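Let me begin by presenting the structure, written as structure tokens, before commenting on it.
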Amino acid sequence: WLGLEWDEGVGKGGPHGSYRQSDRLDHYADLARGLVDSGHAYYDDRSAAELDELRNRAQQEGKHPGHYIRRPDVERTEGVIRVSIPNDGPVEFTDLIRGHLSFAPADIDDFVILRSNGVPTYHLASTVDDVEYEVTHVARGEDILPSTPKHILLTRALEATEPVYAHLPLLFGTDGKKLSKRHGATALSEYRDAGFLADAMFNYLAILGWAPDGETTIFDRDRAVAEFDLVDVSRNPAAFDPDKLAWMNGEYIRSMDESVFADMVRPIVESELGRPLDAGEWDTFRSVAPLVQERTKLLPEAGTQVVFLFDDFDTYDAESWDKVMTKDGVAQVLDAGLEAVEAVDPWSVETVEAALRAIPERLGIGAGKTFQPLRVAVTGSSVSPPLFESIAALGRERTLERLRRASAELATQS
RNA sequence: GGUCCCGUCGUCCAGAGGCCUAGGACGCCGGCCUUUCAAGCCGGAAACGCCGGUUCGAAUCCGGUCGGGACUGCCA
């Protein structure tokens, strides 16, 4: 959806055979056993209780939990396979984003690479894949920064050269909690379904942790691709701000070509209506679409703004009615509107406007007092697209019906 | 508890010793425009966590401190 393409992998193929880890289970297991043979790893069949005890002891002594979980004196021949951490100096590497990093061997666990059921852990599978697929740069979340020394050690044990790492800052929700597929996740598809544009989503995501310069907020994919560099990525975590995303989406909607916008909104209107638009209705819609385009942030809003043109609304918006239609003089305004609309000739935005603009003068009241009741009568709400255009698009007969309906409604209430 | 990462407006991003009385964006507040809602335009409030040090000069370098976060499993 976002137009992010990969060069090789599942569904795309490539020179490295299957890219599906489930197809390679035996291979990972073979490599794990090979690491035992070469002395980099060992079998461990100690019980969970035994390991817990070692962890507790380490914690009580102010050491990290894995401190005492090391290669047992007596060699085992079954159980999980662990990598034993070599005690020959710190593991150092330069992260593209964070700079030089160093981890002491004592702080790195003897970690499991093959479970007792023969299934590899993430550490093994992903490291082996990176090596065998000849991955040069690993860009991933900062949450696995602590695992990176393990992956480097594994890579060296596999007699390969480690890739360049870049650990990106995490994304937080507005609640300040980490955003991930396991916690507080909102699927990307939900944003698409909510009416966000892929280009806006792409731009917003890009701005989280990076900017082309100090001034620019809106930029397209080409510019991002041309100017983005991992070393420029921010080191601090970013909070996902739905308001800014919505604003940005509005910016993209407004910059769309009118006809593209109309085409995109059509299915939304039709689903709102529960039926397809006929040719005449489509023309009507296209005539008002630019007006709607200016005032929508999310695509579905465009649909709700415009349905009154095609189907009669069931009820008036209660708040609008109370605010506008319960005032004195509304009945006269509706009558005047009826009269004016009947007399419009020929029918156009300009003639409708001229006819209605004459009303406030004639009745000696303000423009707002005239147009708001008409708006509620015609559209069902005090919030709508511009009035004259709306009436022109609605047509004379339907406008007259709506005005009569509002008068009747008013009579009922008094 | 331990290891590591991070610390500029409420939020996102600029700022890589003097150009900073700290800039842009969202949001917020006020105004203009206006028949509504938007959009647009103008203006405003709003931050270098704190303490030391280096330096003629620090948001930028160093140390400490405080605060936030991640990790700490036969999860990934």
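Quick caveat, the model's predicted, so the values are computed rather than measured. In the text below, chain A, chain B and the rest are named by the order of the sequence lines, each starting its count at 1.
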Distance check, C1' atoms only: G67(B) and A58(B), in whole angstrom units. 22 Å

With C1' as the reference atom in both, quote the distance from G15(B) to A22(B) in angstrom, rounded to an integer. 8 Å

Quote, to the nearest angstrom, the C1' distance that separates C42(B) from U54(B). 45 Å

Would you please indicate yes or no on a ring centroid separation below 6.0 angstrom for Y252(A) and Y204(A)? no

Across the strands shown, which category fits V80(A) at heavy-atom distances under 4.0 angstrom: base, sugar-phosphate, nothing? base

Across every strand shown, the nucleotide meeting Watson-Crick or G-U wobble geometry with C32(B) (both distances under 3.5 Å) is G40(B)

Side chain of P237(A) - closest among U36(B), C6(B), G27(B): C6(B)

When rounded to the nearest Å, what value does the distance between P atoms of A46(B) and C6(B) take? 31 Å

Under 4.0 Å, counting only non-hydrogen atoms across every strand here, what does E215(A) touch: a base, just sugar-phosphate, or nothing? sugar-phosphate

Just how far, in rounded Å, is P of G10(B) from CH2 of W247(A)? 20 Å

Sticking with atom P, work out how far C41(B) lies from A25(B), rounded to a whole angstrom. 10 Å

May I have the distance from I218(A) (atom CD1) to C12(B) (atom P), rounded to whole angstrom? 18 Å

For Q21(A), answer base if it contacts any base atom (sugar-phosphate contacts may also be present), sugar-phosphate if it contacts only those atoms, and nothing otherwise; contact means non-hydrogen atoms under 4.0 Å. nothing

Mind checking if P386(A) touches a base, just sugar-phosphate, or nothing, with heavy atoms under 4.0 Å? base

Under a 4.0 Å N-O cut-off, is there an ion pair linking E8(A) with K12(A)? no

Nucleotide C28(B), atom C1' - distance to CG of D241(A) in whole Å: 12 Å

C1' atom, A70(B) versus C28(B): distance in rounded Å? 32 Å

Using a strict 4.0 Å threshold on nitrogen-to-oxygen distance, state whether R24(A) and D129(A) make a salt bridge. yes

What's the gap between A39(B) and C33(B) when it is taken at their C1' atoms, as a whole Å value? 11 Å

With no angle test and no hydrogens, is the base of C74(B) tied to the side chain of T121(A) by a donor-acceptor pair under 3.5 Å? no

Salt bridge R402(A)-D312(A), side-chain N to carboxylate O under 4.0 Å: yes

Nucleotide opposite G27(B) in a Watson-Crick or G-U pair, distances under 3.5 Å: none

Heavy-atom nearest nucleotide on RNA chain B taken for H64(A) and for W210(A); more 5' hit belongs to H64(A)

Please state the P separation for the pair G63(B) and C26(B) - nearest whole angstrom. 38 Å

The side chain of A239(A) is closest to which nucleotide in this list: C12(B), A76(B), C13(B)? C12(B)

What heavy-atom pair brings M256(A) and V260(A) nearest, and what distance separates the two atoms? CE-CG1, 3.5 Å

For G73(B) and R55(A) - does any side-chain N or O of the residue sit under 4.0 Å from the phosphate oxygens OP1/OP2? yes

Considering Watson-Crick and G-U wobble pairs with both distances under 3.5 Å, what does U60(B) pair with? none

Between A76(B), C5(B), C37(B), which one does the side chain of V383(A) approach most closely? C37(B)

Touch check for F388(A), heavy atoms < 4.0 angstrom, all strands: base, sugar-phosphate only, or nothing? base

Between R266(A) and D263(A), is there a side-chain N and carboxylate O pair less than 4.0 Å apart? no

Touch check for D95(A), heavy atoms < 4.0 angstrom, all strands: base, sugar-phosphate only, or nothing? nothing

Both P120(A) and A238(A) contact RNA chain B. Which one's nearest nucleotide lies toward the 5' end? A238(A)

Given G27(B), C12(B), A76(B), which nucleotide is nearest the side-chain atoms of S147(A)? A76(B)

Please check the phosphate of C5(B) (OP1 and OP2 only) for any side-chain N or O of R235(A) closer than 4.0 Å. no

Whole-Å distance between U36(B) C1' and I391(A) CD1? 13 Å

Are any of S234(A)'s side-chain N or O atoms less than 4.0 Å away from OP1 or OP2 of C13(B)? yes

Side chain of Y122(A) (C-beta onward), nearest among C5(B), A76(B), A25(B): A76(B)

R254(A) vs G40(B): side-chain N/O to OP1/OP2 distance below 4.0 Å: yes

Check every atom of A39(B), U72(B), U36(B) against the side chain of K297(A) and return the nucleotide holding the closest atom. A39(B)

Quick one: label G79(A) by what it contacts on the DNA or RNA (base, sugar-phosphate, nothing), any heavy atom closer than 4.0 Å. nothing

Given that both distances must come in under 3.5 Å, which nucleotide forms a Watson-Crick or G-U wobble pair with C19(B)? none

Please state whether the phosphate of C12(B), meaning OP1 or OP2, lies under 4.0 angstrom from any side-chain nitrogen or oxygen of N236(A). no

Regarding D110(A) and Y68(A), do their side chains bring together a donor and an acceptor under 3.5 Å, going by distance alone? no

Side-chain donor-acceptor pair present, H100(A), E92(A), cut-off under 3.5 Å: yes

Pairwise side-chain contact, K150(A) with F103(A), heavy-atom cut-off 4.5 Å (strictly under): no

Spacing of L208(A) atom CG relative to A25(B) atom P, expressed in whole Å: 18 Å

Where the side chain of R98(A) is concerned, which of G69(B), A76(B), C5(B) is the nearest nucleotide? C5(B)

Categorize L101(A) for me: base, sugar-phosphate, or nothing, with a 4.0 angstrom heavy-atom threshold over every strand shown. sugar-phosphate

Please give the nucleotide sitting opposite U72(B) as a Watson-Crick or G-U wobble pair, both distances under 3.5 Å, or none. G1(B)

Nearest-Å distance, CZ (F219(A)) to C1' (G24(B))? 13 Å

Mind checking whether N249(A) and K297(A) have side chains closer than 4.5 Å, heavy atoms only? no

Of the candidates A70(B), A76(B), C26(B), the side chain of D243(A) sits closest to C26(B)

A76(B) P sits how many Å from L154(A) CG, rounded? 14 Å

Tell whether R295(A) reaches the base of C37(B) with its side chain through a donor-acceptor pair below 3.5 angstrom. yes

I need the CD1-C1' distance between I144(A) and U3(B), as an integer number of Å. 17 Å

What does G67(B) pair with, Watson-Crick or G-U, if both distances are under 3.5 Å? C6(B)

Watson-Crick or G-U wobble partner for U55(B), using a 3.5 Å limit on both distances? none

